[in-house]
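Just so it is clear, the values below take in all heavy atoms, side chains as well, and ignore hydrogens, waters and symmetry mates.
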Amino acid sequence: MFEKQFELRYFEMEQHAQASPVTIMKLLEETAADHCLSIEYSLYDLLEQNIGWVLLSSYMKMTRYPSYKEKITIRTWLSQYKGFRGIRENVILDEKGETIGVARGFWLFFDIEHRRPVKIFDDIINKWNIYPQESTRYDIKSKIEPIVSAKYVDEFLVRRFDLDTNKHVSNLRYLQWAMESIPKEVMDNCFLQSIDGRFVGEAQYGHTIESLTEPGSADKTFTHTIRDIESKHNCSIAKTVWVDRL
């Protein structure tokens with residue numbers, strides 16, 4: 001297991017003086033990046049070999065979000081791998097050591113130049129080791145059906161700042177686009193309890209994407225589809241659950 005501590009900063013807060021969902025996901029990615037660095041396989045070292053990690057699916061559930069200046073610890077580990085895929089587990093702890101969130105990610109080891117998966121280096125597996133404990137039993141590989149029409153729709157142009165070091169749209173940008181089409185009353189009065197997402201295609205730089213959000217059968221649940229209008233393919237599909245703020 002690998003741990004990293006953070007103190008929440010002002011610019012990481014949203015309007016209710018709590019960390020935003022995007023902030024938590026950024027900290028999860030930062031912890032994973034430092035875990036790579038700790039075994040001398042930093043993301044930049046891999047990039048020099050045209051190799052990167054690509055997220056295929058993910059799940060995050062929060063019981064609460066940390067406040068301004070609160071200190072949290074993110075504990076992460078690799079629970080399983082097979083060939084060119086692996087599952088990363090995460091537990092988010094408050095200053096008392098109590099769990100306030102969990103997350104899982106299904107990752108692909110990827111040849112950026114040739115746009116194809118490659119086998120995870122044996123040295124990486126040996127240095128990380130496998131710890132089979134799960135942070136949550138939630139199935140992050142199950143299929144989520146895309147939606148083709150929705151009650152709430154928004155459009156965005158894919159710009160240069162949307163791209164990450166692998167030269168494709170950042171995973172976090174898809175979350176932000178999905179949340180943009182959430183009804184205002186939900187955003188103002190609720191917090192994101194969980195998000196379950198699948199990344200199925202790449203949005204292209206300069207293209208226009210469409211964010212579709214459709215209410216689910218249960219209260220304050222939504223299904224989301226991010227679609228590249230010009231290439232006519234889906235980029236990401238997700239389900240979110242929101243709960244009232246206390």
Side-chain angles (χ1 to χ4, degrees), residues 14-16 18-29 54-63 65 88 90 101-108 136 138-159 161-164 168-205 207-245:
E14 40 82 281
Q15 61 178 328
H16 299 280
Q18 293 178 327
S20 68
V22 171
T23 289
I24 297 300
M25 290 191 172
K26 284 181 177 179
L27 298 183
L28 290 169
E29 287 197 354
V54 175
L55 188 61
L56 299 178
S57 63
S58 66
Y59 174 75
M60 181 180 78
K61 184 175 183 179
M62 301 292 294
T63 55
Y65 288 84
R88 177 173 289 280
N90 302 272
V102 294
R104 300 188 84 192
F106 185 37
W107 291 85
L108 179 73
T136 171
Y138 194 91
D139 183 7
I140 59 172
K141 297 181 184 179
S142 61
K143 185 177 181 179
I144 303 176
E145 293 294 337
I147 53 178
V148 294
S149 61
K151 184 175 181 179
Y152 307 103
V153 181
D154 217 332
E155 291 185 1
F156 304 92
L157 182 67
V158 180
R159 300 181 183 275
F161 59 75
D162 296 319
L163 307 182
D164 60 17
H168 63 69
V169 173
S170 163
N171 301 315
L172 299 177
R173 193 67 70 207
Y174 292 118
L175 170 61
Q176 291 174 312
W177 287 337
M179 291 178 65
E180 281 291 338
S181 55
I182 290 285
K184 184 178 184 300
E185 60 270 19
V186 173
M187 292 293 294
D188 288 345
N189 301 301
C190 304
F191 76 88
L192 178 64
Q193 182 186 60
S194 67
I195 179 167
D196 181 18
R198 306 288 177 271
F199 301 95
V200 295
E202 294 187 49
Q204 299 299 316
Y205 170 62
H207 285 197
T208 300
I209 65 96
E210 188 175 42
S211 175
L212 306 172
T213 292
E214 180 68 15
S217 56
D219 186 38
K220 300 183 181 69
T221 64
F222 300 90
T223 299
H224 312 270
T225 297
I226 303 297
R227 184 166 60 201
D228 187 317
I229 293 177
E230 290 162 64
S231 65
K232 298 181 180 179
H233 68 248
N234 295 327
C235 303
S236 68
I237 307 161
K239 290 184 177 180
T240 59
V241 178
W242 301 74
V243 296
D244 293 331
R245 293 183 181 275

(message) How long is the straight-line distance from CZ of R227 back to CD1 of I147, given to the nearest 0.5 Å?
(response) 8.5 Å
(message) Show the nearest heavy-atom pair for residues A150 and L212, with the distance to one decimal.
(response) CB-CB, 3.8 Å
(request) Can you see which heavy atom on V200 is nearest to which on S236, and at what distance? (result) CG2-N, 4.1 Å
(message) For a quick check under 3.5 Å, do T240 and H224 share a side-chain donor-acceptor pair by atom type?
(response) yes
(request) Check whether any side-chain heavy atom of T208 lies under 4.5 Å from a side-chain heavy atom of E230, and answer yes or no. (result) yes
(request) For side-chain contact (heavy atoms from CB on, under 4.5 Å), just list the numbers for C190 and D244, CA-CA rounded to whole Å, side-chain angles, deciding distance to a tenth of an Å, and then say yes or no. (result) CA-CA 4 Å; C190 304; D244 293 331; 3.5 Å; yes
(request) Might you work through the side-chain contact (heavy atoms from CB on, under 4.5 Å) test for I226 and N234, ending with a clear yes or no? (result) CA-CA 6 Å; I226 303 297; N234 295 327; over 6 Å; no
(request) Check step by step if side-chain contact (heavy atoms from CB on, under 4.5 Å) holds for M62 and L192. (result) CA-CA 8 Å; M62 301 292 294; L192 178 64; over 6 Å; no
(request) Answer yes or no: is there a side-chain heavy-atom contact under 4.5 Å between D188 and Q15? (result) yes
Donor-acceptor pairs are to be reported for all side-chain atoms of residues 171-178 against protein atoms at under 3.5 Å, with residues two or more places apart or in another chain.
unit_1, atom_1, unit_2, atom_2, d
R173, NE, D162, OD1, 2.6
R173, NH1, Q176, OE1, 2.5
R173, NH2, F161, O, 3.2
Y174, OH, A203, N, 3.2

(request) Evaluate the side-chain proximity of V54 to F199: yes if any heavy-atom separation is below 4.5 Å, no if none is. (result) no
(request) Working to the nearest 0.5 Å, report the span between NE2 of H16 and OH of Y65. (result) 12.0 Å
(message) Any non-hydrogen side-chain atom of R198 less than 4.5 Å from a side-chain atom of S142?
(response) yes
(request) Return yes if some donor-acceptor pair links the side-chain N/O of R104 with the main-chain N/O of Y138 below 3.5 Å, else return no. (result) yes
(message) Please find the pair of heavy atoms, one from A19 and one from T23, that lie closest to each other, and give the distance.
(response) CB-CG2, 4.0 Å
(request) Could you tell me the separation between the CD1 atom of I182 and the CG atom of D154, rounded to the nearest 0.5 Å? (result) 11.5 Å
(request) Would you mind reporting whether N90 and V102 have side-chain heavy atoms less than 4.5 Å apart? (result) no
(message) Ignoring hydrogens, what is the shortest heavy-atom contact between L28 and A103? Give both atom names and the distance.
(response) CD1-CB, 3.8 Å
(request) Could you tell me which non-hydrogen atom of S181 sits nearest to which non-hydrogen atom of T213, and how far apart they are? (result) OG-OG1, 2.5 Å
(message) Show the nearest heavy-atom pair for residues V186 and F222, with the distance to one decimal.
(response) CG2-CZ, 4.0 Å
(message) Measuring only between side-chain heavy atoms, which start at C-beta, is I144 closer than 4.5 Å to K239?
(response) yes
(request) Quick one: pull up CZ in R88 and CZ in F106 and give me the separation to the nearest 0.5 Å. (result) 14.0 Å
(message) More than 12 heavy atoms of other residues, nucleotides or ligands under 6.0 Å from CZ of R245: yes or no?
(response) yes
(message) Exactly one of H233, H207, Q204 should register a side chain to side chain donor-acceptor pair (under 3.5 Å) with D228. Which one does?
(response) H207
(request) For T223 and E214, indicate whether the former's side chain and the latter's backbone hold a donor-acceptor pair under 3.5 Å. (result) no
(request) Please round to the nearest 0.5 Å and tell me the distance separating atom CD of E210 and atom OG1 of T225. (result) 9.5 Å
(request) Rounded to the nearest 0.5 Å, what's the gap from CD on E155 to CD1 on I229? Could you check? (result) 4.0 Å
(message) Contact between K220 and Q193 at the side-chain level, heavy atoms closer than 4.5 Å - yes or no?
(response) no
(request) May I ask you to test the P21-F191 pair for a side-chain heavy-atom distance under 4.5 Å? (result) no
